[in-house]
S.K.: 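My questions will all concern the structure given below.
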Number of protein chains: 2
Amino acid sequence: MSTPDTATSKSPAGIRDVAALAQVSTGTVSNTINRPDTVHPRTRAAVEKAIAELGFVPNQQARVLTGASSNVIGLVVLDIESPFYMEAAHVIERTVRESGHVVMLCNSEGDTTRESGLLAMLAAQRVRGVLLAPASLDEDSDPYKDLPGDLPVVLIDYNGGPEHCSISVDNVAGGRLAIEHLLQLGHTRIAVVGGPTGLRQFADRAQGAREAIIAAGMDPEVSLIEVSTSGIGIQDGRRAAELLLEGDSPDAVFCGNDMLAFGVYRGLIDAGLSVPEDVALVGYDDIDFARDWVVPLTSVRQPIDELGTRAARLLIEHSAREDSHTHRQEVLPPELVVRRSTDLRAPAQH
Amino acid sequence: MSTPDTATSKSPAGIRDVAALAQVSTGTVSNTINRPDTVHPRTRAAVEKAIAELGFVPNQQARVLTGASSNVIGLVVLDIESPFYMEAAHVIERTVRESGHVVMLCNSEGDTTRESGLLAMLAAQRVRGVLLAPASLDEDSDPYKDLPGDLPVVLIDYNGGPEHCSISVDNVAGGRLAIEHLLQLGHTRIAVVGGPTGLRQFADRAQGAREAIIAAGMDPEVSLIEVSTSGIGIQDGRRAAELLLEGDSPDAVFCGNDMLAFGVYRGLIDAGLSVPEDVALVGYDDIDFARDWVVPLTSVRQPIDELGTRAARLLIEHSAREDSHTHRQEVLPPELVVRRSTDLRAPAQH
DNA sequence: TTTAAAAAATGAACCGGTTCAAAATTCTCG
DNA sequence: CGAGAATTTTGAACCGGTTCATTTTTTAAA
C-alpha cells in the first residue's frame, strides 16, 4: 500500500528514472533541483511530482565527483574520552552544521600511526578539510609536512608553526594566571600537578606557573612543588594528592586539568583536609563539571566555544580558495574563573 | 624540492595520470590496487612507483559510485552534551573504526525537524546506515516509517517496535533494581527524581520504581515521593533536592540519571545532610564520574559498551545483505552497581 | 617448432550526477 | 504574420574510479 508496486527497481531511483517519468531530459531534472528559476513552472511541477513519487534523493557523492565541493569535514581528536575534547567536538559539530556541513568524527587515541591512517582515509573520502588535534607533539620535525593529497588542515589546541593554520590557547599565560591568583591570596607553598611529562599543553602550563613565581620575586625551588602524573584522569589526581601529603603539605594546588583537580580534591578530603580552608585548589579547562562540583572549582577557562567556532570557520575559509592562502595562527587568551575552591567569597553560581 | 615540478596538475592525480606515467592501462592500475596478485610483479612495481610519485590517493566517492558499499556510518544522537551519549559515541566510534568504517556524527539536539533533516542528508551521502538515538518519542505513530531512500537504521536506547532494528536497555527493570536495593537496606520513604515528564526512558524508570514498591507489598502513595524536573542536568537535580527538603525529608532518593543525582547530592550537602548516613542516593547510567564522585555513587549501570558495540555490529550486518533481513530488537539488562552513596561497606574502588 | 592453455593487460562502458553549447520553443513587436 | 530576441529544453561528454569481455603475451606441453 505504502509502496506502489510500480517501483520495482531495487537500487534507489536515479536522475534518469526521474527524467523518464516526468518525460523530460536529465538536464532539466538537474536544473529543477539546482536552478529552479530557469525552468518553466509547468515543467518544474511535473519534475517535482516525479521526484516525490520515486522518493528520489540526489546522490551527493556523484555531485562531488563532478566538481561540487564536499560538505564533509573531518575531525580528528586525540582523546574522545576527555571532557575537553568532547566539549570541543560538541561546539564544532554545531558550527559545522550551521554552515551546512557535517562532521566525520575520528579518534586517534593519541597514536600517531592511527592518526596518519585516519588522515589517509579522510583524504580518500575527499573531505573538504580536517580539524586536527594532533597526537604528535614533536616540535622539531614537522610531522604534518606532507599530508596525503594536500588536504587542508587546521590544527586545534596546538600551534604548529607558520606552515599550518592553527587555533590554540596560550597555555603559558594560563599557568601564569592561576599562580598569580594564588599568590594574590597569600599562598606561598604551591604544588603543581602537571600531568604526564611530554604533553606539550601541560608542560606549557607548568612553565607559566614557574614564570609567575619568578616574576613575583620568589624562588621556584622553594615555593613550587612540581609533581607529574602518569595519566590525566581523576585517579591520577588522587594518587598525586597522596604523594603530596607525604611531604610538607602545600597550601595550594594547581592542576593541569580539571579531572586531576577533582582527583586531588578527593585525596585531600580523604586525608581530612578541607578546600579551600586548608588547601586552595585550581584546575584547568573549566569543563562543565567544574561549576557544579561539590566545592565549585576555580579553573583556568579555555574558550572552547571560540576555539571550536573559529577553527571551523578558518577551515572552511581555508578550503574555499585553493590558491593564495596564507596560513594563519590564532592564539586565544585563557581566562581565570574564580570559584569557592580558592575563594569562599565567590558567588555560588557562575 | 619536496614536490617535483613535473607535478604541475592542480587537481589531485587520478588513475589515468598514474596509468599514463606507468605506461599501462587504467584497468591495470585498478587491478594493482585491488587485486595485486593478478598483475605481473614487474608491472605492479612500475605502477606502485607511479602511484608514490604522484601521491595518488584513490577517490573513495568514485569507488562507491561504481557499486562498492560505503564505509561511512551515520550516528545521530539527541544530545551530545549528555555524558551518556558521549560515552556511547566513544565506544561506537571505536567499534566502527575497528571494522574499517568511519562515523559521521550528528546532533539532533532533541529536535525532530533537525533530525529528519539530518537523516535526509545522510541518505544523500549514501552512508551505509544510521545509528539513531531518536528525538521523537511518540510511541503510537511510527515516526521512522518512511525513511529517505530506505536507509538502514538501527535505533539505539529506544525500542521502536518490530518494524525496526533496535538495541535498548530495560529501563523498567533498572528502576526496579534501584528500589529493591533501597528497600533491602530498610528505607521506607523513597523519593524518585524522575526527569522531565515525556521522556520515555525516564518514565519507564519511574514505572519500575512503582512496580518494586508494589511487589514489596507497600503503597506507592505513601512510600514513594515522585518529583519531576524540567531538565536532566546537575542544576535540575539541585532544585529537586530543595523541593524535597521542603516537605518531609525522604530517607533515600533515586534519580533518573547520574547528573540529577550529583545535583541532589549538592542540595543535600548544602542543607547539612550527609550521604548516605541521612539520605541514601542512587543514580542511573553509571557514567564514569559516578565511580569517582566525592561519595562514590550507587548507580544503575547501562551497559554502554555493549549497547554501542552491538548496535554497530547489528547495523553493519543489517546493511550488508539487502534482502531477507528481519528486524531484530535486542533488550539488554541493566545492572546495579553498589557504592558508598547507599552502603558504606562498599569497597572504595570499583 | 607448433599449439593449446594459462596469465596478464587492455579499454570501452558504466555508476549518477552536472555542464554547456546547440536546438527548440515561446514571446515581442513592427 | 514574420523576424529576431528571450526563454526553455536537450543530450552528449565528463568527473574518477571499476568491471569484464576481448586481445595480447607468456608458459607448458606435444
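Below, chains carry the letters A, B, ... as their sequence lines are ordered, and counting in each starts from 1. As the structure is a computational prediction, the values presented were derived from the model and not from experiment.
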S.K.: Below the 4.0 Å mark, does C/dT10 have OP1 or OP2 next to a side-chain nitrogen or oxygen of B/T28?
M.R.: yes
S.K.: Does the pair A/R97/A/E93 count as a salt bridge with the N-to-O cut at 4.0 Å?
M.R.: yes
S.K.: Considering all heavy atoms of both residues, which atom of A/Q125 and which atom of B/Q61 are nearest to each other, and what is their separation?
M.R.: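 Answer, listing the atom of A/Q125 first, then B/Q61: O-NE2, 2.9 Å.
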S.K.: Judged by each residue's nearest nucleotide on DNA chain D, which is more toward the 5′ side, A/P41 or A/G27?
M.R.: A/P41
S.K.: Side chains of B/Y85 and B/N107: any donor to acceptor distance under 3.5 Å?
M.R.: no
S.K.: Assign the ring pair B/H164 / B/H327 to parallel, tilted or perpendicular, where the plane angle (0 to 90°) is split at 30° and 60°.
M.R.: tilted
S.K.: Heavy atoms of chain B, cut-off under 4.0 Å: which first and last nucleotide of DNA chain D, 5' to 3', fall inside that, if you could look?
M.R.: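 Contact boundaries, 5' end first: D/dG16 to D/dT19.
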S.K.: Reckon A/G67 touches a base, only the sugar-phosphate, or nothing at all at heavy-atom distances under 4.0 Å?
M.R.: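 If one applies the 4.0 Å heavy-atom cut-off, A/G67 turns out to touch nothing in the nucleic acid.
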S.K.: Determine, stepwise, if the pair B/R200 / B/N159 fulfils side chain to side chain donor-acceptor pair (under 3.5 Å).
M.R.: CA-CA 10 Å; B/R200 233 249 265 191; B/N159 188 333; over 6 Å; no
S.K.: Using a heavy-atom cut-off of 4.0 Å across all strands, would you classify B/R44 as base, sugar-phosphate, or nothing?
M.R.: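 Touches nothing.
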S.K.: Without decimals, in angstroms, what is the distance between A/N34 CG and C/dC20 C1'?
M.R.: 14 Å
S.K.: So A/I92 and A/I156, do their side chains get closer than 4.5 Å, heavy atoms only?
M.R.: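 Yes, at least one pair of side-chain atoms sits under 4.5 Å.
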S.K.: Measure CG/B/N31 against P/C/dG11 and give the value in whole Å, please.
M.R.: 14 Å
S.K.: Is there a salt bridge (Lys or Arg N to Asp or Glu O under 4.0 Å) between A/R310 and A/E317? Walk through the geometry before answering.
M.R.: CA-CA 10 Å; A/R310 289 223 205 172; A/E317 187 190 323; over 6 Å; no
S.K.: Please figure out whether A/R42 or A/V29 has its closest DNA chain C nucleotide nearer the 5' end.
M.R.: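 Counting from the 5' end, the first nearest nucleotide belongs to A/V29.
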S.K.: On DNA chain C, nearest-nucleotide positions of B/L65 versus A/H40: which is more 5'?
M.R.: B/L65
S.K.: Report for the helix from C/dT1-D/dA30 to C/dG30-D/dC1: angle between first-end and last-end helix axes, five pairs each, rounded to 10 degrees.
M.R.: 40°
S.K.: Are any non-hydrogen side-chain atoms of B/P134 and B/Y158 less than 4.5 angstrom apart?
M.R.: yes
S.K.: Give the rounded distance in Å between these two atoms: CD of B/Q23 and C1' of C/dG11.
M.R.: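 Result: 17 Å.
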S.K.: Minimum heavy-atom separation for B/V76 and B/V130, please, with both atom names.
M.R.: CG2-CG1, 4.1 Å
